[in-house]
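One structure below.
A note on names: the letters A, B, ... follow the listed sequences, proteins ahead of strands, and every chain is numbered from 1.
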There are 2 protein chains.
Amino acid sequence: MNDRLPPLTALRAFDAAARHMSFSKAAAELNITPAALSFQIKSLEEHLGQPVFRRLNRAVELTEAGRTLAPGTADGFAALTAAWRNTRRLQDNSTLTVTAGPAFTAKWLAPRLYDFAQANPDIELRLSASLRIMDFTRDEIDVAIRFGYGPDEGLFSQRLADEWMTPVMTPDLAKRVKTPVDLANVTLLHDDSLHFLKPACDWAAWFKVEGVDVDSSHGPRFSQADHAIDAALTGTGVVLARISLAHKELQEGRLVAPFETALTTKAHFRFLCPMRAEKRPQIKAFLDWIMAEASQASSFEQGRRFVSAAEPAE
Amino acid sequence: MNDRLPPLTALRAFDAAARHMSFSKAAAELNITPAALSFQIKSLEEHLGQPVFRRLNRAVELTEAGRTLAPGTADGFAALTAAWRNTRRLQDNSTLTVTAGPAFTAKWLAPRLYDFAQANPDIELRLSASLRIMDFTRDEIDVAIRFGYGPDEGLFSQRLADEWMTPVMTPDLAKRVKTPVDLANVTLLHDDSLHFLKPACDWAAWFKVEGVDVDSSHGPRFSQADHAIDAALTGTGVVLARISLAHKELQEGRLVAPFETALTTKAHFRFLCPMRAEKRPQIKAFLDWIMAEASQASSFEQGRRFVSAAEPAE
DNA sequence: TCCTTCAGTTAAGTTATACTTAAGCGAAAT
DNA sequence: ATTTCGCTTAAGTATAACTTAACTGAAGGA
C-alpha cells in the first residue's frame, strides 16, 4: 500500500473543511474560492480511495474515514503552525513575552516595569500572568518566571532569589503588635498559595519557630499571595508575606515587618527560557535587568534571624 | 506579523533535510532532484526572513532558527503521516492487526488461530504481542485485548471473560497432590504478572481461602504468565494458573486442576477497538469469533467453589 | 406554487508553483 | 593536480493550484 502523504494542500483543505464543517467557510479561511476547495477535497478522496465527506443537501458531514483523519490533521497542522510562529518570533527583537505567577506579576514585575521600559525603550514587554506551566515550543512565550524547586530540564535556568517569609502589616497596626504573642489579638491573613511547599511555611510554622503557642487557624484565607498582601495593606490584619512580594511595599513604607524572625523556604524564583535563547538580545537585556533588580532586593535581610520551618514529625 | 504557514512543500523539504542533515539525501527521500530541494529551502528562508541552514563546505548545519523549527515540523508531519496511514488502513479489509499481552497471545490466541483462519480465509490476522498500551490513533493497531479493570474511555469495549485461578499441574504430579496440604511438598510456581491485581491473587491468597497454613514463599517466579504454565507442563511444579491461559492445556489433558477452590479476580479480559470500528467487517468477524470462543471456555467452571481473595487487613 | 438563496459541483482557462536538466562552484579527498 | 562530493544557480517545462462563470438540487420565503 502506498502510504506516502497525499498533496499537502489537499490535506490542509480537508483540515480547514473539517474544522468548519463547511467548504465555503474553509475556502474563506484559506483565501481561495469554494471551487478550488471542492477540487482539493476531491483530489484527497481520489488519493484515499474513498470519500471523506458525505454531501448533504445544504451541508456536509464527515464519513468514517473523515472522522478518522480529522483529529490527526488538526494535530499535525497545529504543530506545524506553532513551530512556524515560534520560529518567526525569533527574529522579532521588539517584543518580549514573559509569563509569571499572578502574585509575582502584580507585586514584583508590575511595580518595576517602568524602570525596564525606561532602560529598554525599544523592547515592548508583554506579561502573561498564569500559573500554568508553559511549553516554550507550543505557547508564544519567551521567558517564564517560576517559583518552586526545579530542576528545569532542557531549559536555560537562572536562579533569581531565595524566598523567605516574615509577618508584615501596616505601620498603624504595628503599634499594637510588639511581640509574637500580640499576634493572637489581631486578624491573621493566610496565604494558601504556597501549600505545595515542604516543609509548610504558614503561620503555624512561624509560631512554632518563635516558640509561642498561638492558635493560627482563624482568619481569612487567600488562594493568591498578592490578594493576601492587598488585604494587609488595608490594615485588616497581618500576613506572613513572601519577602519578594512585599518588598516594594516595605520599601515605600506602606507596610512594615517588625519581627526579627524570618522563615526560609527551600524554593526559589527562577528565570527560565529555552536553551540558548538567553543570548537573544531582548532576553539578555531582560535577564540582566531582572538579576540586578533581584540582587538589590536583599536590603531587608539585615538584622533578620533566619530559621527554616521544622520538618513535620512523621 | 504574517503568521500564516509558508508553502507546505517547502516545510516538508525542510523537515526531510533536517532529519537527514543532508539536502541530497532529503531529495532522494522525496523523489526530487537536489536542485529542487535547494529551491524549496531557499523559498522557506525567504518566507522566514532568515536562513534555517548554514551551508558548510561539504555539509549543512541548522541555524538557531532551524533548530527551533525542526522539532515542530517533525512532530507535525509525523502526526499527518500517522493519521493518513490509519485512514488508509480503514479500507483495507484484508488484514487485521490485534495486540494482546504475551501470555494471552501464546496460550489463548495462538492455539485458536487456526480456527479463525479456517472460518475467515480472507482475513490476514497479524498479532502484536505487547503489554504496551496502544494508541489506536498512532499505532497501526485495529484491535487490542487487554486484561485489567477498565474503564476504557472513548473506546469500544466488550467484556470477554472474567478470570479465575486454580492450582494446575501435570496429571502425573496430581497423583501425589490430593489435598491442599500436599502442596507443601511440591514446587510452587509463581506467576508475578498479576502483581497489579487488588486483592492479590497469589499462592498466599489461595492457601488463605483454603484455610491451610502452607509457606508459599519458595519456588521459582515468572514475570510472564505463559512461562509459568510452560514450567508446569514440564512437571516441575504446580502453578496457580489463570483459567483462560490454562484452558487449552486442561482441555487436552496435558494439565489438570484437581482442586475445587478457585480464586476469582475482579479483572477481566476486554476487547477494545476505536469507537464505531466494531462495525468494520473484519473487526466484527473477529469480535464475533472471539466472543463465541470465550463463552465456550466456561466448561471448567462446573463443580468449582469460587472464592474471592480476602481484602488485605489494613 | 414559484422564485430566491444557499452550499457545493463542474468545466474551461489561467497563473504560479514545483520540478528537471545542465552547468557551475568551492572545498575535501585521492 | 585532479577528481569527487554536496550544494547552488539558471533556464525552461510540466503540472498542480486556482479563478471565473455557469450549473444543480434542495431549503426557505412570499
Side-chain angles (χ1 to χ4, degrees), chain A residues 2 4-63 65-67 69-70 73 77 80 84, chain B residues 2 4-63 65-67 69-70 73 77 80 84:
Chain A
N2 175 18
R4 303 202 60 189
L5 282 176
L8 293 170
T9 48
L11 266 187
R12 184 177 42 184
F14 168 77
D15 177 54
R19 276 186 289 106
H20 291 292
M21 285 310 282
S22 156
F23 285 14
S24 42
K25 283 181 191 159
E29 180 190 300
L30 299 174
N31 290 319
I32 60 176
T33 58
L37 194 125
S38 180
F39 268 104
Q40 297 289 1
I41 302 287
K42 198 177 172 190
S43 149
L44 187 76
E45 289 172 331
E46 270 163 24
H47 278 269
L48 183 60
Q50 60 181 322
V52 289
F53 279 106
R54 193 168 298 121
R55 277 73 165 175
L56 304 180
N57 312 335
R58 296 181 88 123
V60 289
E61 65 176 33
L62 288 167
T63 62
R67 275 196 296 270
L69 186 56
T73 59
F77 285 110
L80 293 179
W84 182 249
Chain B
N2 176 17
R4 305 203 58 192
L5 282 176
L8 293 170
T9 48
L11 267 187
R12 185 178 40 185
F14 168 77
D15 177 54
R19 277 187 287 104
H20 291 292
M21 286 309 283
S22 154
F23 286 13
S24 43
K25 283 182 191 158
E29 179 189 299
L30 299 173
N31 289 321
I32 59 176
T33 58
L37 194 126
S38 178
F39 270 106
Q40 297 288 4
I41 302 287
K42 198 178 172 189
S43 150
L44 186 77
E45 290 173 331
E46 271 163 23
H47 278 269
L48 183 60
Q50 61 180 321
V52 288
F53 279 107
R54 194 168 299 121
R55 278 72 165 176
L56 304 179
N57 313 334
R58 297 182 88 126
V60 289
E61 65 177 32
L62 288 166
T63 62
R67 275 196 297 269
L69 185 57
T73 58
F77 285 111
L80 293 179
W84 182 249

Given D/dA17, D/dC7, C/dC19, the nucleotide with the shortest approach to the side chain of B/Phe23 = D/dC7
Counting only side-chain N and O atoms of B/Lys42, is one of them less than 4.0 Å from OP1 or OP2 of D/dC7?
-> no
A/Ile32 CD1 - C/dG8 C1' separation (whole Å) | 13 Å
Under 4.0 angstrom between A/Gln40 side-chain N/O and D/dA16 OP1 or OP2 | no
Between P of D/dA14 and CG of B/Asn31, the distance in whole Å = 20 Å
May I ask you to evaluate whether A/Ser38 reaches the phosphate of C/dG8, defined as a side-chain N or O under 4.0 Å from OP1 or OP2?
-> no
For B/Ser22, which contact category applies under a 4.0 Å heavy-atom criterion: base, sugar-phosphate, or nothing?
-> sugar-phosphate
When rounded to the nearest 0.5 angstrom, what distance separates CD in A/Glu46 from CD1 in A/Ile41?
-> 12.0 Å
Figure out the CD/P separation between A/Glu29 and C/dA7, and round it to whole Å.
-> 17 Å
Just checking B/Thr33: base, sugar-phosphate only, or nothing, at a heavy-atom cut-off of under 4.0 Å?
-> base
All heavy atoms of A/Glu29 vs all of A/Ala16, minimum pair found to be OE2-CB, 4.0 Å
D/dA17 phosphate, OP1 or OP2, under 4.0 Å from A/Thr9 side-chain N/O | yes
Taking only N and O in the side chain of B/Arg55, is any of them less than 4.0 Å away from OP1 or OP2 of D/dT8?
-> yes
Quickly work out the B/Leu37 CG to D/dT8 P distance and round it to whole Å.
-> 9 Å
To the nearest Å, how far apart are A/Leu30 CG and D/dC18 P?
-> 8 Å
Against the side chain of B/Phe39, the closest entry in D/dA11, D/dT8, C/dG8 is D/dA11
With sugar-phosphate meaning primed atoms plus P, OP1 and OP2, does B/Arg58 contact a base, only sugar-phosphate, or nothing at under 4.0 Å between heavy atoms?
-> base
How many angstroms lie between atom OG1 of A/Thr73 and atom CG of A/Asp15, to the nearest 0.5 angstrom?
-> 4.0 Å
CG (B/Leu44) and CZ (B/Phe39) are apart, to the nearest 0.5 Å, by 14.5 Å
Please give, in whole Å, the distance from C/dA7 C1' to A/Ile41 CD1?
-> 14 Å
So which nucleotide from C/dA18, D/dA10, D/dG6 ends up closest to the side chain of B/Ala35?
-> D/dA10
For atom NE2 of A/His20 and atom P of C/dC6, their distance in whole Å | 19 Å
What orientation do B/Phe23 and B/Phe53 show, parallel under 30°, tilted 30 to 60°, or perpendicular over 60°?
-> perpendicular
Spacing between B/Leu8 atom CG and C/dA18 atom C1', to the nearest angstrom | 13 Å
